[in-house]
2 protein chains.
Amino acid sequence: MTSTAEAPRPPGRPRSVRAAEAIIEATLDLLAEGSTIEAISVEAIAARAGVGKATIYRRWPGKDALLHDALRTLKGSPPQPAGRSVREDLITLVGAIGHNVDPRAAKIMPCLVPEVKRNPEHYALYQSIVEPRRAVLREVLRRGIRDGELRADLDIEVTMAMLTGPMLIQRVMNWNPDLDVTTLPARVVDQVLTGIRAG
Amino acid sequence: MTSTAEAPRPPGRPRSVRAAEAIIEATLDLLAEGSTIEAISVEAIAARAGVGKATIYRRWPGKDALLHDALRTLKGSPPQPAGRSVREDLITLVGAIGHNVDPRAAKIMPCLVPEVKRNPEHYALYQSIVEPRRAVLREVLRRGIRDGELRADLDIEVTMAMLTGPMLIQRVMNWNPDLDVTTLPARVVDQVLTGIRAG
DNA sequence: ACGATACGAAACAGTTCCGTATCGTTAATG
DNA sequence: CATTAACGATACGGAACTGTTTCGTATCGT
C-alpha cells in the first residue's frame, strides 16, 4: 500500500514524521500520567506535542483512531525465554508481565481496563497484545510436560492464569500493598510448582 | 451524632429518604452501564433518579463525595466459608470474588481500576473492601496449616494472590476468552493444591 | 522562482458539564 | 392557618472540549 516500493510522489510539502511521532508520544505521555482514555482531550495532546490541532485531524479522523494507533505502538513483541529450565523461564515470563518495551505501558494499562470492556475494537487490540505472550507461556509449560519436569495431567490454561493473575493484579491495582512486585515472580513460580497441599 | 436518640426536630419539610436512595441507585446503575467514573455527569444522575440537581447538591458537596458514598454501599460483608474442608472453603471464596451483594458490582469494578490508581481516597476505599476478604481467605489457609491439610512452609500471601488473581483478571478484563468463569474456582483451587511439578 | 501542500496558531460554533440560584409547590410542625 | 424548609424543574455563568476553518509561514518537488 503506502510502502516504500512505489511512491506516487505526491506534490507539496511532505508530512512531518517528527510531528506524527510527537503526537503519539504526547498521547502516551498523557495516558501514563493518569488521564482516563476518554477524559483525554485532543487539545491537550496537541499542546503537549507542540502541534496544532489541525495537524492531528489531518492524520486521524478523530480521537478514537489516534488512541488506537498510539496504543498499538505499545504492542512490542513477547519476551523469548532462555530455555534452560522451566522454573527459570517461568520467572522470566512472569516478571515481564506489564513490562513491555515501553516503560509507560505499565502505567497506561489500568486506564485501558474500562475501555477494553466497553469497546470491542479495543478488546481485540488488547487480545492481540496478550495472546502472543500467552502462547509463549503455554509453550514453556508444554515443553516442561514433554521433558518430564511438569505433571502430565496439568491444567495448562488455569496454570497460566495462576502465574499471570497475581502479577497482573499487583501491577495494575496494587491489590495487596504488602506484596513486593520485584520478588513476586519467583515466589509465585515456586509456589505454583510446589503446590500447597501437605506432604 | 445524627442518631435516632436525640433529634432536635428541625422545622420545615424533612429530606426525602426516597430521593437519597434513588440518587445512589441511579449512580450505581449508570456506572454499571459502563460510564467511566469521571465521564458520569451529575445531570445524568439527577435525570435518572427523577430528581433535581439541587437535591443532590443539598446532600453532597460535589460529585466526588456522591460517588464515594455510592461505591461505599457496594462494600457488603465478606462471605463466611462453611469450614468443612479447606478445598471447599477455598472454592467458595474464590467463586465469590467479584460477586458482591450487589450484582452491579462486577460491572462497576473495571471502571474503578484507573481511579484506584489515581485517587488515594478511592484506593483506601478499595482496600477497605478487599482487605476483609483477604483476611477471611488468610484465615482459611492458616487453619489448613494448623490442621495439617496444607504445607507448613506455605507462602500465604502469594498463595492468596494465586487464588485471587486468576478470578479477578478473568472477571475484570476477560483475560483469556477461553476460560470459563463458572468452572474456574474449582480448577484454580485444585491446581493450587496439587502444584504443577512432576512426581 | 513557482505551485502545492503541511505547518503552528488561533478563532469559531455547538455541546456538555459543574455548581449555584430561583422558580412555584409540597410536606411536615406549631 | 402560618411557618419553614425540602421538593422538582429550570435557567444561569463559567469552563472545558470537539471538530472545523482560516490565518500567514515553511518546505517540498519542479
Side-chain angles (χ1 to χ4, degrees), chain A residues 2 4 6-27 29-31 33-70 111 114-115 118-119, chain B residues 2 4 6-27 29-31 33-70 111 114-115 118-119:
Chain A
T2 40
T4 50
E6 297 184 60
R9 324 257 174 188
R13 178 176 173 179
R15 290 191 180 169
S16 159
V17 182
R18 281 199 55 177
E21 284 172 356
I23 292 167
I24 296 284
E25 285 302 299
T27 306
D29 277 350
L30 287 173
L31 282 177
E33 282 169 18
S35 302
T36 301
I37 200 173
E38 56 183 15
I40 205 172
S41 81
V42 176
E43 280 186 345
I45 295 172
R48 176 62 147 273
V51 146
K53 265 203 297 180
T55 304
I56 294 181
Y57 283 103
R58 219 170 271 129
R59 289 159 216 267
W60 291 277
K63 187 164 61 161
D64 280 353
L66 166 58
L67 286 172
H68 191 82
D69 267 20
C111 311
E115 219 58 25
R118 184 160 22 271
N119 187 332
Chain B
T2 41
T4 49
E6 297 183 61
R9 322 261 173 188
R13 179 174 175 178
R15 290 192 180 166
S16 159
V17 181
R18 283 198 55 177
E21 285 171 356
I23 292 167
I24 297 284
E25 285 302 298
T27 306
D29 278 349
L30 288 173
L31 283 177
E33 282 169 20
S35 301
T36 301
I37 199 172
E38 55 185 14
I40 205 172
S41 79
V42 176
E43 264 156 347
I45 294 173
R48 176 61 148 271
V51 145
K53 264 204 298 180
T55 303
I56 293 180
Y57 282 101
R58 220 170 271 129
R59 290 157 216 270
W60 290 277
K63 186 162 65 160
D64 281 351
L66 166 57
L67 286 172
H68 191 83
D69 267 19
C111 311
E115 219 58 25
R118 182 158 29 266
N119 187 331

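These figures come from a predicted structure and were not determined experimentally. Chain A is the first sequence line, chain B the second, and so forth, proteins listed ahead of strands; every chain is numbered from 1.
When rounded to the nearest whole Å, the span between CD of A:E38 and C1' of C:dT16 equals 14 Å. If you measure from atom CG of B:L66 to atom P of C:dC18, you get 10 Å, rounded to the nearest angstrom. The separation between B:R18 atom CZ and D:dA6 atom C1' is 16 Å, rounded to whole Å. Note: CZ (B:R58) to C1' (D:dT4) measures 13 Å, nearest angstrom. In this structure, CG of B:D64 is placed 11 Å from P of C:dC18, rounded to the nearest angstrom. Computed from coordinates, the B:I56 CD1 to C:dT20 P distance equals 13 Å when rounded to whole Å. When the P atom of D:dC17 is taken as reference, atom CG of A:L30 falls 11 Å away, rounded to whole Å. As a whole-Å value, the separation of A:Y57 OH from C:dA10 P is 18 Å.
Of the candidate nucleotides D:dT20, D:dC7, D:dC28, D:dC28 has the atom nearest to the side chain of A:P14. Closest to the side chain of A:S41, out of C:dG8, D:dA11, D:dT18, is D:dT18. If you check C:dC18, D:dA9, D:dT18 against the side chain of A:E43, the one that comes closest is D:dT18. Side-chain proximity of B:V51 to D:dG8, C:dG8, C:dC18: nearest is D:dG8.
Taken to the nearest 0.5 Å, the CD atom of A:E33 stands 11.0 Å off from the SG atom of A:C111. Here the straight-line distance linking atom CG of B:L66 with atom CD1 of B:I23 works out to 7.0 Å at 0.5 Å rounding. The CD1 atom of B:I24 lies 9.0 Å from the CG atom of B:L67; values are rounded to the nearest 0.5 Å. Here the OG1 atom belonging to B:T55 is positioned 11.5 Å from the NZ atom belonging to B:K53, to the nearest 0.5 angstrom.
In the interface, the side chain of A:K53 is not paired with the base of C:dG8 through any donor and acceptor atom under 3.5 Å apart. Contact of B:K63 with C:dG19 (side chain to base): no donor-acceptor pair of N or O atoms is detected under 3.5 Å. Evaluation of atom-type donor-acceptor distances gives a pair under 3.5 Å for the side chain of A:R13 against the base of D:dA26.
Residue B:R59 places its CZ atom among more than 12 non-hydrogen atoms of other residues, nucleotides or ligands, all under 6.0 Å distant.
Here B:I45 lies out of heavy-atom contact (under 4.0 Å) with every strand. Nucleic acid contact class of A:G50 (heavy atoms, under 4.0 Å, all strands): sugar-phosphate only. When heavy atoms are screened at a 4.0 angstrom cut-off, A:A54 is found touching base atoms of the nucleic acid.
Close to D:dA6, at under 4.0 Å from its OP1 or OP2, lies no side-chain N or O of B:S16.
Looking at A:I40, A:I56, A:I45 one by one, the single match for side chain to side chain contact (heavy atoms under 4.5 Å, CB included) with A:K63 turns out to be A:I40.
Residue A:A19 is the one, among B:A44 and A:A19, whose nearest nucleotide of DNA chain C lies closer to the 5' end (criterion: closest heavy atom).
Across all strands shown, D:dT30 pairs with C:dA1; the Watson-Crick or G-U wobble distances both stay below 3.5 Å. Nucleotide D:dA16 is matched to C:dT15 when pairs are restricted to Watson-Crick or G-U wobble geometry with both distances under 3.5 angstrom.
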